[in-house]
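First the structure, in the form of structure tokens, and then the observations on it.
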Amino acid sequence: MMRWLVALRAIVLREAMRFINQRSRFVAALVRPLVWLVVFAAGFRAALGLSIIPPYQTYITYEVYIVPGLCGMIQLFNGMQSSLSLVYDREMGSMRLLLTSPLPRWWLLFSKLLAGVAVSILQVYVFLAIAAAFGISMPWSGYLYVFPALVISGLMLGALGLLISSTIRQLENFAGVMNFVIFPMFFMSTALYPLWRMAESSVLLRDICAVNPFTHAVELIRFALYGSVNGMALLWVVLAFLVFMIGSLIGYDPSRGMARKGRGPGS
Amino acid sequence: MSMLAVRDVSYSYGAKRALDHVSFDLPAGRFCALLGPNGAGKSTLFSLMTRLLVTRQGTISVAGHDLARNPRAALARIGVVFQQQTLDLDMTVLQNLRYFAALQGLSGAAAQRSIDGALERLDMRERAGEKARALNGGHRRRMEIARALIHDPKVLMLDEPTVGLDTGSRKAITAHVHDLAETGLLVFWATHLVDEIRDHDDVVVLHQGRVLRHDTAAAIAGDQALIDAFIQMTARGEPA
């Protein structure tokens, strides 16, 4: 067991160090949600009226509404980014180093996943701190309760990234995936507008949003920020995590996935 | 006891047969070259031996541990140097070695001892704090070899490790690894370059997925140069 933890620690530290070294990535990861918060939300505030819906107990401004969605966005981008780095690692060979370690493969992949989650949570907290500096703050206990929610949602989104990385052979395919995964997931969720608003324009769209696991990740975060648990969202996120994780383990199984696709290794 | 046993291994990518009933046995303390032209199936065999690929046809065992049935015990006894470089260039030499030791489950004093040993062998103690990016190609390769030995494996596998290096570095690395074989390690070295092989080395000649010949380099060469024997063999597609 000790050996497993040693490997986990090293993998998480390496990911964190890589993230801190790449300052531009850190800044980009923060600027993206802040632009949404400061520019988009300010413009939208007048256009979009919100009624009182749980977990809110009073009227809220639009900026307050989209904060959990933007936390989710950070994790979504992060999950995809770590899967991008996995594809990159595989092309560069360092993934091989990981996969030839004498520890169980599922544990190595799970460690890699946790490393990405740790980095994403770091970003979310910095974002929440900046939002608070702009006057958009949550009840103090919310900052505590949101931690486990972020772990679960981060694992789910990271596992999705892992699954995608196991099916992609080359980096070039990745840009397409960004467009086909990140944007639909983000826009067809409750990150920017509540479900009842969506239903006013299209019931079908509402239904899509309601099954989108990202919606449930956002709701899980939203409720946690106000100190309550959304059981339904929790269940959905955990289920989605299991499905994505099992899928990626199959994808990285040497007898099934990966190198078997296409022409295999060099010669 | 045979340290590395490959028995009747076959592998296909779809309809294309990459390896066809490959078998050989290698004892400890030998330098064995896997010699074959590009496309012979060397990398496929290499991936199977490091469990990046798995096949149902045939078995591979390392120091008595079957790679399919007991992969973790087998992998723990293998040190691997891949053709692509696998150093994290933004980490220091020391950090790279520590990361690898941790992936092997080594920590604390045991890890430190192994890492010190590796730095010593590399003669790079004073450069331990430098980024891997600062090292030249030859040093990076040497470092990968030293890293592959951190967990004290029984078999060292290298996949065309001298690709892209200048002549001097190539010679130095080939000599270094030959020395390692003399310490009791089994070295398995995939290459298409005949000049990296010495007379008393074992050679497995792989061509179009089949083993054409397994013998010492001197025996395969006979009264001609190894390169000529190799060219003749692969041109005819059968043993000389």
Side-chain angles (χ1 to χ4, degrees), chain A residues 1-25 85 88-109 111-112 115 166 169 250 252-267, chain B residues 11-14 16 18 36-48 50-56 68 71-80 82-91 95-96 98-108 111 144 147-148 151 157 159-160 190 192:
Chain A
M1 200 59 212
M2 190 60 207
R3 301 165 77 89
W4 294 30
L5 292 178
V6 167
L8 169 69
R9 185 169 150 265
I11 293 169
V12 172
L13 279 180
R14 175 172 182 253
E15 196 72 20
M17 215 163 63
R18 264 167 64 154
F19 180 71
I20 291 163
N21 283 338
Q22 299 170 332
R23 263 187 221 113
S24 56
R25 192 177 142 199
S85 82
Y88 179 80
D89 273 359
R90 205 163 69 214
E91 289 199 337
M92 296 332 254
S94 52
M95 192 66 185
R96 293 177 171 210
L97 203 65
L98 193 70
L99 295 181
T100 49
S101 148
L103 289 169
R105 192 166 282 198
W106 68 266
W107 176 254
L108 296 166
L109 291 173
S111 301
K112 195 86 184 163
S166 75
R169 280 188 52 79
I250 294 173
Y252 276 101
D253 179 341
S255 61
R256 273 176 275 204
M258 224 155 89
R260 222 173 224 281
K261 296 192 190 83
R263 64 183 180 86
S267 58
Chain B
Y11 193 83
S12 307
Y13 297 106
K16 188 176 170 280
N38 290 329
K42 297 194 296 293
S43 289
T44 301
L45 183 56
F46 210 82
S47 294
L48 288 169
T50 50
R51 206 170 169 268
L52 290 172
L53 291 176
V54 175
T55 180
R56 286 192 190 84
R72 288 166 54 196
L75 285 175
R77 285 159 182 85
I78 303 177
V80 192
F82 291 105
Q83 195 174 336
Q84 298 140 303
Q85 73 105 8
T86 55
L87 296 175
D88 192 325
L89 298 180
D90 294 318
M91 296 206 297
Q95 284 167 338
N96 266 293
R98 279 215 184 111
Y99 175 66
F100 181 80
L103 283 187
Q104 299 295 325
L106 294 173
S107 64
E144 285 185 294
R147 184 181 63 178
H151 56 298
M157 300 185 185
D159 188 10
E160 308 207 13
H192 62 273

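All chains are named by letter (A, B, ...) in the order of the sequence lines, taking the proteins before the strands, and each is independently numbered beginning at 1. All of these numbers come straight from a predicted model, not from anything done at the bench.
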Identify whether the distance between the nearest side-chain nitrogen and carboxylate oxygen of B:Asp88 and A:Arg14 falls below 4.0 Å.
yes

Does any heavy atom of chain A fall under 4.5 Å from the side chain of B:Gln83, the backbone, both, or neither of them?
neither

Examine whether an atom of B:Ile78 lies under 4.5 Å from a heavy atom of chain A, and if so say whether it belongs to the side chain, the backbone or both; otherwise answer neither.
neither

Among A:Val6, A:Leu5, A:Leu8, residue most engaged with chain B (heavy-atom pairs, under 4.5 Å)
A:Val6

Which atoms of A:Leu13 come close to chain B, meaning under 4.5 Å heavy atom to heavy atom: side chain ones, backbone ones, both, or neither?
neither

So what's closer than 4.5 Å to chain A heavy atoms on B:Phe100: side chain, backbone, both or neither?
side chain

Please classify the contact of B:Arg77 with chain A as side chain, backbone, both or neither, using a heavy-atom distance under 4.5 Å.
neither

Could you pull out the closest heavy-atom pair between A:Thr100 and B:Phe82, with the gap in Å?
CG2-CZ, 3.9 Å

If you define the side chain from C-beta out and look only at heavy atoms, does anything of B:Met91 sit under 4.5 Å from A:Arg18?
no

Tell me whether A:Arg3 contacts the main-chain N or O of B:Gln104 through its side chain, where contact means a donor paired with an acceptor under 3.5 Å.
yes

Would you say the side chain of B:Thr50 lies within less than 4.5 Å of the side chain of A:Arg96, judging by non-hydrogen atoms?
no

So for A:Ile11, is it side chain, backbone, both, or neither that comes closer than 4.5 Å to the heavy atoms of chain B?
both

Does the side chain of B:Leu52 come within less than 4.5 Å of A:Leu99's, by heavy atoms?
yes

Taken to the nearest 0.5 Å, the spacing of B:Asp90 CG from A:Met17 CE works out to 9.0 Å

Is any side-chain heavy atom of A:Leu103 closer than 4.5 Å to a side-chain heavy atom of B:Leu103?
no

For A:Arg9, is it the side chain, the backbone, both or neither that has a heavy atom under 4.5 Å from a heavy atom of chain B?
neither

